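The structure appears below as structure tokens.
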Amino acid sequence: MKFFILAALVATAACFPSLSIFNFGESAESTPYEPSHDKFTSGSEYKYRYESQVLTGLPTFSRQYAGVKVICDVKIAFTSSSACTMQMENVRVLTLNQEITEPRFLPPTMQLSESHFTHLPSQYSTPVIQKLQLPVQFRYIDGTAK
């Protein structure tokens, strides 16, 4: 259940692709993110492509990593000016447990390509996907999901 809540929160955050808390490689002159409170309208539906991964490893000692990647489409429907329903669709869950030789340096924010991962067997992925595809309701007030 914690995974589901975390995934839902991260998916909600994915609605703001220009928001970056790490700003790697950006110049000091880049424009800070300022939410547009009138960006979303009641009765509208918005679709996003969502991709996330979590990797564990000790890069200073070994190139061995283990992790999971979730790829899906996220649909957010505004039923009123502040009431929203979010639902993940076409969810795929991939896993990784191997040495990563390329790239030599793996920054914490770097997404590995799908070719590094394998599909999680359906006996494990089906219950996870069923939970991730449940609709989540939240309120969007003054640029913040609550």
Side-chain angles (χ1 to χ4, degrees), residues 1-37 39-40 44-79 82-146:
M1 185 55 117
K2 291 179 184 177
F3 178 77
F4 172 73
I5 293 169
L6 176 63
L9 291 173
V10 171
T12 302
C15 294
F16 307 101
S18 61
L19 175 61
S20 173
I21 59 173
F22 294 106
N23 290 334
F24 289 120
E26 292 183 4
S27 70
E29 297 154 0
S30 58
T31 306
Y33 173 76
E34 293 181 22
S36 172
H37 302 301
K39 182 175 181 178
F40 302 109
S44 296
E45 186 175 277
Y46 302 87
K47 293 186 178 184
Y48 300 91
R49 183 74 174 154
Y50 174 72
E51 184 173 332
S52 177
Q53 74 181 23
V54 176
L55 294 178
T56 61
L58 299 170
T60 56
F61 298 105
S62 171
R63 303 291 301 159
Q64 181 73 29
Y65 287 90
V68 65
K69 179 184 270 297
V70 175
I71 302 170
C72 66
D73 297 320
V74 176
K75 179 176 66 174
I76 299 177
F78 280 74
T79 55
S82 62
C84 309
T85 302
M86 180 193 78
Q87 188 164 17
M88 294 180 174
E89 300 173 333
N90 306 317
V91 179
R92 293 184 303 148
V93 180
L94 309 164
T95 62
L96 172 129
N97 187 9
Q98 66 187 30
E99 282 195 17
I100 303 296
T101 56
E102 290 297 325
R104 292 218 20 88
F105 174 69
L106 190 59
T109 58
M110 181 179 174
Q111 292 281 324
L112 292 176
S113 70
E114 284 186 56
S115 63
H116 287 93
F117 293 83
T118 59
H119 286 274
L120 188 64
S122 62
Q123 67 189 48
Y124 302 113
S125 66
T126 300
V128 172
I129 290 171
Q130 287 173 344
K131 293 288 185 188
L132 288 174
Q133 289 180 331
L134 291 173
V136 176
Q137 294 182 345
F138 62 95
R139 302 196 66 73
Y140 185 74
I141 301 170
D142 295 327
T144 304
K146 298 182 180 195

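All values reported here derive from a predicted model rather than from experimental measurement. Side-chain atoms are counted along with the backbone in the values below, which use heavy atoms only and exclude waters and symmetry mates.
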Go through Gln130 and Leu134 one step at a time and tell me if the side chain to side chain contact (heavy atoms under 4.5 Å, CB included) criterion holds. CA-CA 7 Å; Gln130 287 173 344; Leu134 291 173; over 6 Å; no
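Of all the heavy atoms in Ser82 and Arg139, the pair that sits closest is OG-NH2, 2.8 Å. The two residues Gly67 and Leu55 have their closest heavy-atom pair at CA-CD2, 3.8 Å. Shown here for Tyr124 and Pro127, the closest heavy-atom pair between the two residues is O-CD, 3.4 Å. Closest non-hydrogen pair, Ile100 versus His116, comes out as CD1-CD2, 3.6 Å. Of all heavy-atom pairs spanning Lys69 and Gln53, the tightest one is NZ-OE1, 3.4 Å. Of all heavy-atom pairs between Lys146 and Phe138, the closest is O-CB, 3.5 Å.
For Ser62 (side chain) and Leu58 (main-chain N/O), no donor-acceptor pair under 3.5 Å exists by modelled atom type. With hydrogens and angles disregarded, a donor-acceptor distance shorter than 3.5 Å links the side chain of Gln87 to the backbone of Gln133. Using modelled atom types, no side-chain atom of Ser52 and backbone atom of Val70 make a donor-acceptor pair closer than 3.5 Å.
For the atom pair Glu51 CD and Glu114 CD, the distance stands at 6.5 Å (nearest 0.5 Å). For the atom pair CG (Asn97) and CZ (Phe117), the distance works out to 11.0 Å, reported to the nearest 0.5 Å. We find the CG-CG distance between Leu94 and Leu120 to be 8.5 Å, quoted to the nearest 0.5 Å.
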Under 3.5 Å, which donor-acceptor pairs link side chains of residues 71-78 to any protein atom two or more places apart or in another chain?
unit_1, atom_1, unit_2, atom_2, d
Asp73, OD1, Arg49, NH1, 3.0
Asp73, OD2, Asn90, ND2, 2.7
Lys75, NZ, Glu89, OE2, 3.3

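Scored by the side-chain contact (heavy atoms from CB on, under 4.5 Å) test, Glu99 finds Arg63, Gln64 as partners (sequence neighbours excluded).
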